[in-house]
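Residue numbers start at 1 and run along the sequence shown. Ligands are counted one by one from 1 in listed order, and the atoms in each one are counted from 1 as well.
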Amino acid sequence: MIDCHIHISLDGVDFKKARELSKTEEIGKIIRKKFKEYKKMGIYVLRDGGDDGEISSIARKIAKEEKIIFKSPVKAVYKEGRYGKFLGSSVRDVDDFKNLFDYLKSQKLDHLKIVLSGLVDFNKYTDNIDIFFNKKELEYIVNISKYNGIPVMAHVNSSYGIDMAIECGVDTIEHGYFIKEREIYKMAEKNIIWVPTLSPLGNLIKGDNKFKNCSNVIDRVYKEHLDSVGLGYSLGVKIALGSDSGCYKVRHVQGTFDEVNHLIKSGIKKEDVINMAIENGIKACNLNSDEIKYVYQNNKRCL
Ligand SMILES: [Zn+2]
């Protein structure tokens with residue numbers, strides 16, 4: 001199994017506590033334990049969405065020892081003053097981005113994670129979500145990354161933002177809440193991989209104290225997203241499994257299986273979910289031939 005969207009620095013339970021722990025010596029042990037659990041459950045490939053403390057780079061070293069394929073962005077890139085502080089480093093403009101990209105290259109990023117938009121608002125239903133980079137900036141960022149052979153993972157919600165990401169040629173759309181039919185067709189046409197991350201909302205609809213006043217909005221957005229994923233699948237969009245594990249209420253390892261169940265709820269058969277998680281996961285994680293061989297070897301062992 002492949003999980004294309006996790007945050008190894010977080011634990012899905014207590015954001016503050018996990019952030020504190022990630023600054024201590026303990027973090028290596030914690031990550032190693034998580035990797036052993038992932039492996040025990042047949043999950044051998046993980047792609048990280050980033051953190052500002054570069055824990056995902058430390059995790060990549062431990063992963064190698066634990067025979068887990070772990071892909072790290074080193075740090076996500078976000079726009080100064082906007083959402084994304086805990087995910088990486090901010091840039092003011094494209095010149096700033098160039099400097100940051102040189103640093104990320106020196107740290108051997110596996111993919112570029114760009115925070116293009118804000119989050120889903122749980123307090124009121126609105127698909128009007130801020131977009132932090134303009135088209136020219138995003139085009140520049142994607143082009144530099146591609147020129148250097150680095151795939152682009154775009155965190156984006158809203159129809160407008162998703163359309164911009166598709167037009168600029170990102171490799172994967174992460175989340176993609178409030179997507180419309182037009183973008184679903186475009187993704188299918190352009191072979192862009194969609195990682196819809198259903199678990200962060202899906203795991204809240206079972207009832208959660210922290211968000212009990214927002215349950216109507218969460219239910220509605222989650223159900224709409226399920227319908228979009230179902231439509232995307234029927235139209236041939238390449239959907240990959242990404243749980244957003246580490247995010248509130250999405251625990252590592254269990255989150256991957258939660259995501260399988262949410263994808264099944266969107267109308268995809270279980271065996272198709274597993275197959276597409278592997279096939280599209282291989283592409284999303286940009287695995288090389290040896291890594292692909294390793295995935296199939298382990299997959300056979302699981303069957
Ligand atoms: Zn994430």
- [ ] Please step through side-chain contact (heavy atoms from CB on, under 4.5 Å) for the pair I62 and F70, ending with a clear verdict.
- [x] CA-CA 9 Å; I62 301 170; F70 186 90; over 6 Å; no

Open item on the list: As a quick check of understanding, evaluate side-chain contact (heavy atoms from CB on, under 4.5 Å) for I6 and Y38, giving each step before the final call.
Closed with: CA-CA 12 Å; I6 69 151; Y38 268 113; 3.9 Å; yes

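- For F86 and F15, the distance between ring centers is under 6.0 angstrom.
- Legend: residues meeting ring-ring contact (aromatic ring centres under 6.0 Å, His included) with H175, ordered by chain and number and at least two apart, are H5, H155.
- Salt-bridge annotation for K29 and E26: present, with a side-chain N of the basic residue lying under 4.0 Å from a carboxylate O of the acidic one.
- Take the Zn ion (ligand 1) and draw a sphere of radius 2.8 Å; the protein N/O/S atoms inside it number 3.
- Under the 6.0 Å distance and 45° angle rule, R220 counts as a cation-pi partner of Y125.
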